[in-house]
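Below, chains carry the letters A, B, ... as their sequence lines are ordered, and counting in each starts from 1.
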Number of protein chains: 2
Amino acid sequence: MGSTIYDIARKAGVSIATVSRVLNESDRVSADTRLAVLNAAESLGYHPHTSARNLARRKSDVVSAVIPMMTNLFFAEVLRGLQDRLVESDYQLIVHSARTLDEVDSQLERALNRGQSDGVLLFSSPIENGRARQLAQSGLPVVLVDSFHPDLDSVTTDNRLGGEMATQHLIDLGCKRIALVMANPKSRPSVDRRDGFLRIMKTAGLELPPDFIVSSEDPLHHGYSEISGRQAMESLFKRGKVPDGVFATSDVQALGVIRAIQDAGLRVPDDIRVIGFDDMVVSRYVGLSTLRQPRYEIGSTAIDKLMARIDQSSRPVSHTLFVPHLIERHTTTRSGAAAILGSFNEFLPGVTTAEVQADVSGNGPGKAR
Amino acid sequence: MGSTIYDIARKAGVSIATVSRVLNESDRVSADTRLAVLNAAESLGYHPHTSARNLARRKSDVVSAVIPMMTNLFFAEVLRGLQDRLVESDYQLIVHSARTLDEVDSQLERALNRGQSDGVLLFSSPIENGRARQLAQSGLPVVLVDSFHPDLDSVTTDNRLGGEMATQHLIDLGCKRIALVMANPKSRPSVDRRDGFLRIMKTAGLELPPDFIVSSEDPLHHGYSEISGRQAMESLFKRGKVPDGVFATSDVQALGVIRAIQDAGLRVPDDIRVIGFDDMVVSRYVGLSTLRQPRYEIGSTAIDKLMARIDQSSRPVSHTLFVPHLIERHTTTRSGAAAILGSFNEFLPGVTTAEVQADVSGNGPGKAR
DNA sequence: ACCGCCGATGTAAGCGCTTTCATGTCATCA
DNA sequence: TGATGACATGAAAGCGCTTACATCGGCGGT
């Protein structure tokens with residue numbers, strides 16, 4: 001209930017140093033004393049005191065993750081990737097979740113306290129210079145996930161490329177008037193996806209009517225929400241703009257977009273094609289086309305990187321960029337195919353059996369059979 | 001980068017005791033010294049050393065949550081409830097996730113280390129006596145979430161009642177041959193839901209053919225998986241059993257059940273009605289009827305309870321039981337209505353606008369309008 | 001029998017902070 | 001003017017652990 005190594009030492013008739021040695025399985029201790037100590041510890045129900053140990057060792061075996069909870073699902077999935085690696089590695093995870101971009105600052109501040117953790121994973125947050133300096137000054141190993149700064153290790157999806165792929169896909173489908181529904185313009189991933197969009201639109205020589213880019217100012221979830229996507233679309237309609245394709249910078253927003261389209265009496269994909277980004281679990285069921293991020297891999301890669309830097313702080317900075325994967329589903333099919341899929345899969349429109357199976361086993365897109 | 005209160009003390013020309021006082025905003029310190037200390041700290045980029053502070057104070061301001069990651073979504077949502085309370089309270093969260101029931105033990109062991117956290121939230125795990133003793137012996141405050149033991153604080157959904165409600169609902173719909181698809185029989189919630197099911201079946205005087213209860217032995221996610229639901233249903237079909245209603249003890253499993261039914265060339269709800277449990281985010285989109293657990297409230301209530309016990313360890317044990325809420329959607333409609341809904345909501349079958357909105361704002365079931 | 005060495009163990013100095021208690025300094029009151 | 005606090009500050013003792021460094025037998029070698 002509160003026994004210390006002193007208690008064990010007394011009970012086993014040795015010094016605390018010996019107890020410590022036994023408990024850390026480190027130095028050579030005679031078999032007899034080892035046994036005696038182990039027995040004493042057992043019978044006392046000894047649990048080491050983490051803070052004391054960390055203080056003495058200058059190591060906490062904890063990593064902290066600062067996560068703006070934009071999208072629950074994105075978050076949950078990446079976290080799983082983290083955990084699977086973490087469990088094996090004897091590290092523990094402290095989660096600092098921020099509800100808004102502003103909260104990120106205070107949570108980061110806490111994560112940077114010395115002795116609390118051996119490294120920090122910073123998610124989806126813009127790194128302006130102040131922050132970069134703050135991170136550097138703290139001296140703590142940091143890995144950016146889903147954002148970028150030249151001086152810091154990072155692992156991200158190639159959001160710009162993803163934006164290009166999404167846009168190209170809509171164009172290939174014959175869309176001419178494509179609208180972009182963005183999240184909060186402060187959110188780096190959203191901005192990158194936009195840049196990809198712009199680039200392809202320009203390359204394709206497609207006209208981009210004013211107001212065809214709508215962004216959300218909603219600080220909550222950084223605009224990555226169903227409601228924000230819906231409002232964006234409604235505001236388009238209100239101004240009399242009707243695109244024939246929409247690229248939403250996230251799946252959650254895409255869901256809102258679809259809802260607004262349906263409420264306006266139009267149909268997806270017949271009147272308006274819609275594509276999102278992320279490939280949330282839900283997207284499969286809804287038949288939403290999207291760009292899949294390898295979230296699980298992102299998580300585990302981030303951990304690997306962080307551990308590597310903890311071990312060797314001088315190692316060169318590295319950036320890992322995952323290529324997103326285009327998932328074509330119902331919301332971007334040509335009309336004919338859509339009808340067939342729709343009736344075949346009454347409940348899981350646009351999902352093939354193979355895909356469901358693949359997702360369950362967690363191995364990326366399954367082979368059609 | 002690694003400055004201590006000694007550095008600050010030297011720079012400000014005071015003793016470390018004074019520095020500590022200033023930093024803890026506690027005792028009275030003259031305005032001048034306070035300012036001097038604060039400046040010194042600022043200019044040194046001081047961050048307190050958490051372990052040292054915790055050791056001295058005998059308090060860590062951390063709570064740990066031991067979570068078997070059965071269902072990502074369930075987990076994610078409850079975690080949000082936790083976090084929202086936590087952020088306000090200056091506490092931090094350590095997540096110990098377990099992939100299997102066995103891993104729970106080792107994770108719990110770690111969570112029980114002294115000095116690591118001030119309290120533990122133990123999720124969805126069976127508490128046999130060994131474990132109960134272990135928890136008691138550790139002396140750490142513990143709150144059970146989604147499981148029960150008379151001697152420990154807990155907050156759960158009334159799973160038995162939920163099982164009753166689900167079963168009664170199927171019966172009200174005219175089902176006569178109802179099958180039960182369970183998760184791992186070691187999972188307490190699943191067992192409780194089964195008990196509710198059995199009770200109503202008995203009360204209603206309905207015959208329960210042998211083999212109409214199928215459970216999963218899959219340790220991964222405790223059988224709370226799409227694949228497990230699917231296999232359960234397939235095994236029923238293989239033995240030539242065709243129920244007219246299925247109660248799955250979780251939504252993920254229900255999704256697998258639906259898939260299997262469709263693969264067998266049958267239709268939901270026309271041939272077989274299906275109801276799940278949890279009300280995951282996905283369920284809304286799929287049109288799955290279910291019993292909603294107030295996950296968010298569960299999370300925040302659990303935190304409140306834990307904090308209360310941390311403050312006063314002698315307080316009486318209390319159990320909070322949330323009543324689940326029946327959500328009727330497509331999978332349990334009578335056939336006529338189903339057709340209408342199905343065509344109206346091509347993408348979001350069985351979802352009304354009001355519901356989507358309610359869920360976005362996070363306020364439970366919305367009023368129909 | 002003496003020296004040196006090695007393996008097993010103990011001693012004690014921190015790790016960076018909080019906190020009690022003692023000390024010192026004034027303003028206050030009789 | 002000296003006793004009396006009130007208040008600001010410092011000295012020092014931990015918190016429970018790790019880890020150099022010192023110590024102590026006993027061993028083989030000569």
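The line from CZ of A:R53 to CG of B:N113 is 8.0 Å long, rounded to the nearest 0.5 Å. Rounding to the nearest 0.5 Å places CG of B:D118 at 13.0 Å from CZ of B:R58.
Following rounding to the nearest Å, B:L55 (CG) and D:dC17 (P) show an atom-to-atom distance of 9 Å. A straight line from CG of B:D61 to C1' of C:dT18 spans 14 Å, rounded to a whole angstrom. Atom P of nucleotide D:dG16 and atom CD1 of A:I8 are separated by 13 Å, given to the nearest angstrom. Taking atom CG of A:N54 as the reference point, atom P of D:dG16 lies 15 Å away to the nearest angstrom. Distance CG (A:L23) to P (D:dG16): 15 Å, rounded to an integer number of Å. Rounded to a whole Å, the CZ atom of B:R57 is 12 Å from the P atom of C:dC17. A:K59 has its NZ atom 16 Å from the C1' atom of C:dC15, to the nearest Å. A straight line from CZ of B:R53 to P of C:dC15 spans 19 Å, rounded to a whole angstrom.
When the options B:L140, B:I94, B:V62 are evaluated for a side chain to side chain contact (heavy atoms under 4.5 Å, CB included) with B:Q116, the one that passes is B:I94. Checked options B:T320, B:I298, B:I67, B:T301; the residue passing with B:V145 is B:I298 (criterion: side chain to side chain contact (heavy atoms under 4.5 Å, CB included)).
With distances taken from any side-chain atom of A:H49 to the nucleotides C:dT9, D:dC17, C:dT18, the minimum falls on D:dC17. In the set C:dG10, D:dG14, D:dC17, the nucleotide with an atom closest to the side chain of A:A56 is D:dC17.
In this structure, A:V120 and A:V63 have side chains that are not in contact, with every pair of non-hydrogen atoms separated by 4.5 Å or more.
Side-chain N/O atoms of B:R58 include none lying less than 4.0 angstrom from OP1 or OP2 on C:dC17. For D:dG10, the OP1/OP2 oxygens have a side-chain nitrogen or oxygen of B:S15 closer than 4.0 Å. In this structure, B:S30 reaches the D:dT9 phosphate: one of its side-chain N or O atoms is under 4.0 Å from OP1 or OP2. Put simply, A:R114 has no side-chain N or O that comes within less than 4.0 Å of OP1 or OP2 on C:dC15.
Positionally, the nearest nucleotide of DNA chain D for B:V14 lies more toward the 5' end than for the other of B:V14 and A:A52. Comparing A:A17 and A:Y6 by the nucleotide of DNA chain C whose heavy atom lies nearest to each, the residue mapping closer to the 5' end is A:A17. Comparing B:T18 and A:Y46 along DNA chain D, the residue whose closest nucleotide (by nearest heavy atom) sits nearer the 5' end is B:T18.
Heavy atoms of B:T33 sit under 4.0 angstrom from primed sugar atoms or phosphate atoms, though from no base atom.
Side-chain atoms of B:R21 and base atoms of D:dG10 include a donor and an acceptor less than 3.5 Å apart.
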